[in-house]
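These numbers come from a predicted model, not from an experiment.
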There are 2 protein chains.
Amino acid sequence: MNNKKVPEPVISRLFVYLRELIELTKMNIRTISSGELGVRTNLSDAQVRKDLGYFGQFGVSGSGYDTNELKVALEEILGKDKTWNVAVVGIGHLGGALLAYPGFKERGLNIVAAFDSSKRKIGKKIKGIIIQSIDEMPKTVTNKKISIGIISVPAKVAQEVADKLISSRVKHILNFAPIALNVPEKIKLKNVDLSRELETLSYFLANKK
Amino acid sequence: MNNKKVPEPVISRLFVYLRELIELTKMNIRTISSGELGVRTNLSDAQVRKDLGYFGQFGVSGSGYDTNELKVALEEILGKDKTWNVAVVGIGHLGGALLAYPGFKERGLNIVAAFDSSKRKIGKKIKGIIIQSIDEMPKTVTNKKISIGIISVPAKVAQEVADKLISSRVKHILNFAPIALNVPEKIKLKNVDLSRELETLSYFLANKK
DNA sequence: CAGAGTTTGTGCTATTTTTCACAAAGTATA
DNA sequence: TATACTTTGTGAAAAATAGCACAAACTCTG
């Protein structure tokens, strides 16, 4: 095991390996080589080995990795034995889709609260969750032990919402608003910018050789 | 102007600069320095200058960039003068949210078709778009000149849908399914993996110092 | 118009991330 | 058990990306 800090892309790929390992164990495949795992995840064999190398030695020369053993090890490393409570702020089309997305719960991420500023929406129930006023955020975050906030509001109010989440003591933020948010160092911020991804594709269309 | 190939992260940031410039011109701010643009986009001044440097010299020493001029230049570079037709495959909660998202049209990305395999959904109309059977994809892609396909179906069928999109002659793909897709070299593939982003945050919760 | 202050553009350097490549350690076969 | 494979783990090399730092170009002020 190596003591250097682990690059974030490595963490991200570990989840990809884990997903594949879950499939493999379901299919009763007992061992897999870095090469084969690489093919299945569109990554190189060297990358697979290097990534795992940050956390220890899991493989056996000549035969590869025990799928179940590696799966358990990754679950441990990635904290999949734990669950986390999540709040969604902004229940428009996207926020509503996030509330309904089953993939989160399967992965130990429980959406336990929803906030919106629209009087029309407050009090309504979606997927078993009552939409609350943003004013109730500090209380709810504490009571429901919410550690991650998802921002799916328009760009104009995203910073304001981020500030409110942070002062309510949320630990990390996933931001869907297409704007650069300022958050304190200790808050981990991830951005998902849907239209930017699409726009990037359009650049390649416009500039193809 | 520099002839080296432009890194993809640069392209992506160019859209960020452009958004900011659009705001600035709306606010009638005529010039901006790389430093100030950096503050507004959470990037360094050097990065801003370096990124723009891939495409030419837009600034004026001592005063900075003319906001409108730079905006127009970036729109040109990024192909924002053009529009592109887009199809969404998989009209679940996420697909529905994408159909309803106004940000795409504003940016020249017109969703002109929607596909689903569910008999229950085919024929229904969402946001003015009739959901079609996946079998109609080749014909519709041709007729409606669709160049980008968005995949928002479950992981299990995502590869199959990708193959169908490609054989229907879609040029690029935006994939929301949490799985590694195999596509030919010439097809540009972008992945947005919602639960992976959230999971990455949960890793930092589980492993915080 | 001279001197002080800004800000760009960019060669160079640093850092981060990926890939290479191979000794060492295992497996399989006969 | 010996020989031929296979595959790992990991230093070292390469590639990609970001940041530094400064001359040159321009603005501003009195």
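- In this entry the distance linking CG of A:Asp51 with P of C:dC20 reads 15 Å, nearest Å.
- For the pair A:Phe55 CZ and D:dT10 C1', the computed distance is 16 Å after rounding to whole Å.
- Nearer the 5' end of DNA chain D, as judged by each residue's closest nucleotide, is the contact made by B:Pro9, out of B:Pro9 and B:Asp45.
- Counting atom types as modelled, B:Lys50 pairs a side-chain N or O with a base atom of D:dG19 as donor and acceptor under 3.5 Å.
- Residue order along DNA chain C, read from the 5' end via each residue's closest nucleotide, puts B:Gly62 first among A:Ala46 and B:Gly62.
- Counting non-hydrogen atoms of other residues, nucleotides and ligands closer than 6.0 Å to CD of B:Glu136 gives a total above 12.
- At whole-Å resolution of the value, CZ in A:Arg30 and C1' in C:dT27 are 18 Å apart.
- If you measure from atom CZ of A:Phe58 to atom C1' of D:dT10, you get 15 Å, rounded to the nearest angstrom.
- Between the C1' atom of C:dT8 and the CG atom of B:Leu70 lies a distance of 13 Å, rounded to the nearest Å.
- Other residues, nucleotides and ligands contribute more than 12 heavy atoms inside 6.0 Å of the NZ atom of A:Lys82.
- For D:dC20, neither phosphate oxygen OP1 nor OP2 lies less than 4.0 angstrom from any side-chain nitrogen or oxygen of B:Gln47.
- Within 6.0 Å of atom CD in A:Glu76, 12 or fewer heavy atoms from other residues, nucleotides or ligands are found, so the atom counts as exposed in its surroundings.
- One finds a salt bridge joining A:Glu36 and A:Arg40 here, because a Lys/Arg side-chain nitrogen approaches an Asp/Glu carboxylate oxygen to under 4.0 Å.
- With salt bridges taken as basic N to acidic carboxylate O contacts below 4.0 Å, one links A:Glu23 and A:Lys26.
- Comparing atom distances between the A:Val60 side chain and each of D:dC26, C:dG26, C:dT10 picks out C:dG26 as nearest.
- Between B:Arg13 and the phosphate of D:dA18, there is a side-chain N or O to OP1/OP2 separation shorter than 4.0 Å.
- In this structure, A:Tyr65 reaches the D:dG9 phosphate: one of its side-chain N or O atoms is under 4.0 Å from OP1 or OP2.
- In this structure, the NZ atom of B:Lys5 is 12 Å from the P atom of D:dA15, given to the nearest Å.
- Atom pair A:Arg49:CZ and D:dT7:C1' shows a separation of 7 Å (rounding to whole Å applied).
- One atom, CG of B:Leu43, and another, P of D:dT17, lie 15 Å apart when rounded to the nearest Å.
- Residue A:Ser63 has no polar side-chain atom (N or O) positioned under 4.0 Å from OP1 or OP2 of D:dT7.
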